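Being a predicted model, the structure only gives us computed values, none of them experimental.
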Amino acid sequence: MTSLFKLNPTQRKWHLPLVAGVSVGLPLLLGYFTGEQEGGRSGDLAGLSILYLQSNKLVERMMILMTCCFGILLSYCVGIWASANPLVAPLALGLHAFAVHLALHHLRLTRPPGNFFFIMIASMAIYTPFDLAHIPEKIGYVAMGTISTCIIGFIYSLLTIHQEPSTPLPERKNI
């Protein structure tokens, strides 16, 4: 019971939750000021992908972030299309969860948050009422959220990654 209330140390930087708040809050604010609150709520889901920043190299960090943003967008698409049929939705969610787990294990992204947000976003999209005419609009809002998350993640990475001195590459030997 004491392990339930124990605070474990983390290796994450203190400013990552602030950046996550900005990446989730920016689409909400834009949606509020443009009168598209529903779009802002859809776009802020993509801001959660910034929590997958786990590398210390800029190129790797951005590749992982863009891959996770694409995964978030794909999860939303799977969920929104599965919402059309309540009998297919649980099967689609189960297969999607399995595929996400395998993909993240293959990418070695097993540290928290793991597959949680991908499955959560697919579940939330399944819950939304199916309206064929508005599906591209909803997916577009999530896509705009992924774009803003990638921009915020890039700026954050430029400010926080310390440049390591470049080591010369070893000469290539001809055989």
Side-chain angles (χ1 to χ4, degrees), residues 10-83 93 96-128 134-164 166:
T10 182
Q11 294 179 359
R12 292 185 186 249
K13 304 290 183 194
W14 63 269
H15 34 77
L16 185 61
L18 297 175
V19 173
V22 169
S23 66
V24 170
L26 184 64
L28 282 173
L29 285 174
L30 289 174
Y32 176 75
F33 287 120
T34 59
E36 291 288 333
Q37 288 88 1
E38 186 67 33
R41 282 192 298 260
S42 296
D44 77 337
L45 296 174
L48 298 169
S49 58
I50 204 154
L51 296 173
Y52 290 91
L53 293 178
Q54 297 179 0
S55 177
N56 290 328
K57 296 178 183 172
L58 181 64
V59 174
E60 287 179 15
R61 185 180 271 198
M62 290 310 298
M63 284 176 47
I64 290 171
L65 181 61
M66 287 188 279
T67 302
C68 288
C69 283
F70 178 74
I72 294 283
L73 184 61
L74 183 65
S75 295
Y76 189 80
C77 290
V78 166
I80 201 121
W81 283 107
S83 70
L93 183 62
H96 178 69
F98 179 72
V100 165
H101 179 74
L102 285 179
L104 290 179
H105 183 70
H106 179 71
L107 292 172
R108 295 183 188 92
L109 291 174
T110 55
R111 290 184 2 200
N115 58 8
F116 177 75
F117 290 122
F118 297 101
I119 297 170
M120 180 190 78
I121 288 171
S123 300
M124 291 173 66
I126 286 174
Y127 179 71
T128 60
H134 289 98
I135 286 178
E137 179 182 356
K138 292 178 180 180
I139 292 173
Y141 287 133
V142 176
M144 287 190 287
T146 61
I147 292 169
S148 69
T149 299
C150 287
I151 292 170
I152 291 168
F154 182 66
I155 293 169
Y156 170 72
S157 296
L158 287 177
L159 294 174
T160 59
I161 290 182
H162 302 298
Q163 296 295 330
E164 298 175 6
S166 61

Open item on the list: Once salt bridge (Lys or Arg N to Asp or Glu O under 4.0 Å) is applied, do any residues pair with Glu38, and if so which ones, sequence neighbours excluded?
Closed with: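 By the salt bridge (Lys or Arg N to Asp or Glu O under 4.0 Å) rule, Glu38 matches Arg41.
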Open item on the list: Measuring from atom OG1 of Thr146 to atom CD1 of Ile50, what distance do you get when rounded to the nearest 0.5 angstrom?
Closed with: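 Spacing of OG1 (Thr146) from CD1 (Ile50) equals 12.0 Å.
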Open item on the list: Return the CD1 to CD distance between Ile139 and Glu137, rounded to the nearest 0.5 Å.
Closed with: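 Reported value, rounded in 0.5 Å steps: 11.0 Å.
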- [ ] Only counting residues at least two apart or in another chain, list the ones meeting ring-ring contact (aromatic ring centres under 6.0 Å, His included) with Tyr141.
- [x]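 With sequence neighbours excluded, Tyr141 shows a ring-ring contact (aromatic ring centres under 6.0 Å, His included) to no residue whatsoever.
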Open item on the list: If the condition is ring-ring contact (aromatic ring centres under 6.0 Å, His included), which residues does Phe117 pass it with, not counting sequence neighbours?
Closed with: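 ring-ring contact (aromatic ring centres under 6.0 Å, His included) check on Phe117 returns nothing, list empty.
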TODO: Would you name the heavy atoms of Ser83 and Ile126 that are closest together and state the gap between them?
DONE: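 Closest pair (atom of Ser83, atom of Ile126, distance): CB-O, 3.2 Å.
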Quiz: residues 61-80 side-chain donor-acceptor pairs under 3.5 angstrom, not counting sequence neighbours:
{"unit_1": "Arg61", "atom_1": "NE", "unit_2": "Ser55", "atom_2": "O", "d": "3.1"}
{"unit_1": "Arg61", "atom_1": "NH1", "unit_2": "Ser157", "atom_2": "OG", "d": "3.4"}
{"unit_1": "Arg61", "atom_1": "NH1", "unit_2": "Thr160", "atom_2": "OG1", "d": "3.4"}
{"unit_1": "Arg61", "atom_1": "NH2", "unit_2": "Ser55", "atom_2": "O", "d": "3.0"}
{"unit_1": "Thr67", "atom_1": "OG1", "unit_2": "Met63", "atom_2": "O", "d": "2.7"}
{"unit_1": "Ser75", "atom_1": "OG", "unit_2": "Gly71", "atom_2": "O", "d": "2.8"}
{"unit_1": "Ser75", "atom_1": "OG", "unit_2": "His96", "atom_2": "NE2", "d": "2.8"}
{"unit_1": "Ser75", "atom_1": "OG", "unit_2": "Phe118", "atom_2": "O", "d": "3.4"}

- [ ] Begin from the C-alpha positions of Met144 and Leu30 and carry the test side-chain contact (heavy atoms from CB on, under 4.5 Å) through to its verdict.
- [x] CA-CA 11 Å; Met144 287 190 287; Leu30 289 174; over 6 Å; no
Open item on the list: If we ignore hydrogens and angles and just use 3.5 Å, is the side chain of Tyr52 paired with the main-chain N or O of Gly114 as donor and acceptor?
Closed with: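 Yes: the side chain of Tyr52 pairs with the backbone of Gly114.
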Task: Partners meeting side-chain contact (heavy atoms from CB on, under 4.5 Å) with Leu102 (sequence neighbours left out) - done: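 Leu102: side-chain contact (heavy atoms from CB on, under 4.5 Å) contacts with Phe98.
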Please list every donor-acceptor pair under 3.5 Å in which a side-chain atom of residues 16-28 meets a protein atom from a residue at least two apart or in another chain.
{"unit_1": "Ser23", "atom_1": "OG", "unit_2": "Val19", "atom_2": "O", "d": "3.4"}
{"unit_1": "Ser23", "atom_1": "OG", "unit_2": "Ala20", "atom_2": "O", "d": "3.0"}
{"unit_1": "Ser23", "atom_1": "OG", "unit_2": "Gly47", "atom_2": "O", "d": "3.0"}

